[in-house]
Every structure is written in structure tokens, then in C-alpha cells.
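Heads up: the structure comes next, in C-alpha cells.
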Amino acid sequence: MNKAISVGQDIFWVGTNDLETHLFESLWSLPRGVAYNAYVILGEKTAAIDTVKSSQFDEYLEKVRTALSGRQLDYLVVNHMEPDHSGVITQLREAYPDVKIIGNAKTLPLLKGYYGIDSGVVQVADGETLDIGGHVLSFHAIPMVHWPESMVTYDAATKTLFSNDAFGGYGIHEGGLFDDEKSRVRWESEMLRYYATIVARFSASVQAALKKLGGLAIEKIYPSHGTLFRSDIAQVIELYDRWSKQETESGAVVVFGSMYGHTRQMAEEVTRGLSEGGVKTVCLHDASRSNLSYILSDAWRYRGLVILSCTYNMMLFPTVAAFCEKFQNSMPKKRSLGIAGSYSWSSGALPALRKFADEIKLDRVGPEVEVLTAPNAQNLEQCHLLGKNMAKAVSN
Ligand code: FEO
């Protein structure tokens, strides 16, 4: 992976694998790393599409140089200004001082703000084209997928969509770059986790983008992270369509926060009820142990969600609160929610979960269970019933 890799007629992947960053955005776990995909297109003129995170510059530049084979770089297209893609623009311009930087009206203030760059810049309008000789590139705004300036670049000659964060996923490239060179289970799970953590909040914008780009003849989708798609484009677009429409699968997620095991006991009883109710996919997450990204990913995929929390200083347990806050921020719909809490000397968790449930407005499944100290047999029966009722809700 140390040199530019040909990924189409005159198109090279010049991205990098990052195995050093532990948490993407200092939040999301990266047990399999993350790739920053960047590209170079050779026409009569040459163009780079996006760059990489700042720590990856040396490797990126080496690949750009290999792809260009001694030619100059004429254009840098900035599809997105988030620093995981724009991080080495300054250094790239030092290496190629005559490069023209292409962005839209919303790109330019960010370019100036982050890197102090306001010269050598070309502003393009939505739908505008750039003929580099042999390839005509067109630029299409997809605002809020993931930032206001986000855009995609389309190469009509090869029917390739450089899709920016859209269709992106976590995980480095382990040899192959393309979907037909990897196991689907492996790329799809990391693509969903990326969606749930980064893109989900903007699902309505994803729907707008899919409609807008629907008129383009697309044979390849090359995102800024993760797998490149060339074998079954319809299938991958359908995945994105489903996730952004919030179409869920039959199954349930049980998230709990527990200090001494009593709330965990309640959660396990809920899972027994779900299982006895016929739900085969039950994901049990200890909010203190699973990285939030995995809980969010499962919660985005499956229809049922049960949240259980002990009380901590008269409030929701902090790791459960973190999940609730981020999940609510994603504006979930079309799901069923059950809640339960426990306390030893002052109630707090269940009232907080009730408030959360009122605000998030998902279909409620009961009973709500509240336990004083350790759950007794009757409490556990209630938890079991909650699981069974959720099983009915998610099987419909
Ligand atoms: Fe991969 Fe929104 O940056």
C-alpha cells in the first residue's frame, strides 16, 4: 500500500491507512483503523481529489508523486474541509505551488479559517464542470453530508462518483480496495458504524443527496473512507437509502449501565424475554464497556431498544447518559423503546429515562420497571415481560 494504486482509467488511489489514531474524532473506536481515500486523475491537466489527515502527509505525497510521474499538479478539488481530508493542503501547496484549489462558496471561508489560504483558489458553482482534457469533472453540492460545504465530484468519462463522506466506512484497506476484493460482512458493518456515528444526524440530507445524484450514470463510487465500490452499485445505494430512511431490521438492542450488577441482572432478564419472544438478534451492551460507536451502530440497525440504568448521584448513569444524548442527536424514528431504572436511596435514573423517552418520541413498550436496591422476583418478572412485549413490537 506504499505507492499509488490504479483504480480506473487514469485514476489513482493515493490515500493512506491510519492505524495510529485510536479514536476517530477523539470519540469513535478504531480497532481496525481508518483509511483516508484520496485520488489523482490524469488528463491533459492533472487533478487531485481531497487529501489526508496531517499525520499522513509523507506517505500521501509519495503516492501523489508516483501517480503524477514527474508531472505538475494543476488542481486540488476539495470535496470536504473536515481536517481528516483537508489536513495537508498547506504542505501539498508547498510541494506544488501552482496548484489551483477548487471549492464552493462554503468551502472558501473554511479554507481561509483553517489554513489561511485565500489565493490560488477557484470557486465553483453547484453543477459546474471542469474539463481537464480526457475527463470532465462536475461538482455537486451535498450540504450536510456531512458539513455545509460538502460536495461530490463526478467524472463523466469513467462514470465515477467521488462521494466524499457518503458511503464511507471505518477500517483500513487490508490488501484490496474494492468491494469485490473484500468480505461484505466486514465492510458493511464498518460502513454502518461510520453512518451511525458520523452521518445519521443528517439522514434527511442524505435522502436529498441521493435524489439529487440519482440523475447521474454512476458505475463506481469512491468515498473518502473505506471500501471503493464497483461491483454492485445499486446494492450499496440501496443500503444508504435504507439507513437514511431509517428502515430497521427485526432485532433488539439492550443497553445498560450498572455499578454492582443489579441493573445488569435486569438487562439480562429483558434479553431472556426477547429471546423467548422469538427475537434472534439481541445485542446486549454494557454502556461502560462497549465503545459508544458499536451501541449506536446496533441501535441504528435494529427496531427495538431497551435502556436500563442505575441511578448515579440522583441522575442517569453517565455512560448511559452519553448514549442517550448522542442517540437523540441522531433524531431516530420508526423504533420501539423500553426503559427501566434502579436506585438505592434516591430515584433518578427512571425519571431521567422517562424525560428522554418523552422527548425522543419513539413508540413506547412497557412495562416501565423501577427497582429499589436489588431486583426481587417480581421485578425480574416485569423485566422479562418488558422483553417479551418488545419482542412482539419488533416482530411486526
Ligand atoms: Fe471524513 Fe466529515 O470527514
Side-chain angles (χ1 to χ4, degrees), residues 13-30 32-39 48-57 59-60 76-90 92 101-104 106-111 113-115 139-153 161-173 177 187 189-206 208-210 213 221-229 236 240 243-244 292-293 296-297 300 326 329-330:
W13 177 84
V14 293
T16 59
N17 277 338
D18 179 1
L19 277 167
E20 288 165 3
T21 303
H22 290 288
L23 296 173
F24 190 77
E25 295 184 339
S26 289
L27 284 169
W28 316 116
S29 178
L30 293 174
R32 290 175 47 212
V34 65
Y36 312 110
N37 295 330
Y39 306 90
I49 298 185
D50 290 317
T51 68
V52 294
K53 191 176 168 183
S54 57
S55 57
Q56 311 275 304
F57 178 64
E59 193 177 325
Y60 168 74
L76 168 64
V77 178
V78 179
N79 275 338
H80 188 17
M81 275 300 299
E82 192 166 8
D84 52 334
H85 308 294
S86 70
V88 302
I89 290 178
T90 304
L92 186 67
I101 301 174
I102 294 179
N104 58 53
K106 290 182 177 159
T107 314
L108 306 190
L110 291 166
L111 192 60
Y114 276 114
Y115 308 113
F139 310 106
H140 308 267
I142 53 163
M144 299 321 297
V145 187
H146 151 228
W147 279 13
E149 89 299 355
S150 293
M151 68 179 194
V152 296
T153 299
L161 183 74
F162 298 92
S163 65
N164 193 343
D165 274 344
F167 304 100
Y170 293 121
I172 56 163
H173 299 292
L177 297 173
W187 65 251
S189 59
E190 286 292 69
M191 186 173 158
L192 173 59
R193 196 164 67 92
Y194 189 83
Y195 189 92
T197 50
I198 307 297
V199 186
R201 174 69 169 83
F202 309 109
S203 288
S205 304
V206 172
L210 289 176
L213 301 174
I221 295 178
Y222 292 0
S224 300
H225 298 288
T227 301
L228 282 59
F229 299 97
V236 77
Y240 238 60
W243 292 341
S244 54
L292 188 49
S293 63
L296 290 164
S297 181
W300 204 259
K326 173 61 175 141
N329 178 261
S330 302

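Ligands are counted one by one from 1 in listed order, and the atoms in each one are counted from 1 as well. Any value given below was found using the heavy atoms of this structure, including those in side chains, with hydrogens, waters and symmetry copies removed. Quick note: residue numbers are just sequence positions, from 1.
When side chains are defined from C-beta on, Asp84 does not count as touching Val52, because their heavy atoms never get closer than 4.5 Å.
Taking the ring pair (Phe, Tyr, Trp, His ring centres under 6.0 Å) definition, one finds that His146 meets it with His80, Phe202, sequence neighbours left out. In this view, Trp243 and Tyr195 satisfy the ring pair (Phe, Tyr, Trp, His ring centres under 6.0 Å) rule, not counting sequence neighbours. Tyr60 meets the ring pair (Phe, Tyr, Trp, His ring centres under 6.0 Å) test with no other residue; sequence neighbours excluded.
Among protein atoms, those of element N, O or S found less than 2.8 Å away from atom 2 (Fe) of ligand 1 are His80 NE2, Glu82 OE1, His146 ND1, Asp165 OD2.
Ser297 and Tyr194 form no side-chain donor-acceptor contact under 3.5 Å, judged by distance and modelled atom types alone.
Of the possible polar contacts, one joining the Asn164 side chain to the Met151 backbone as a donor-acceptor pair under 3.5 Å is found.
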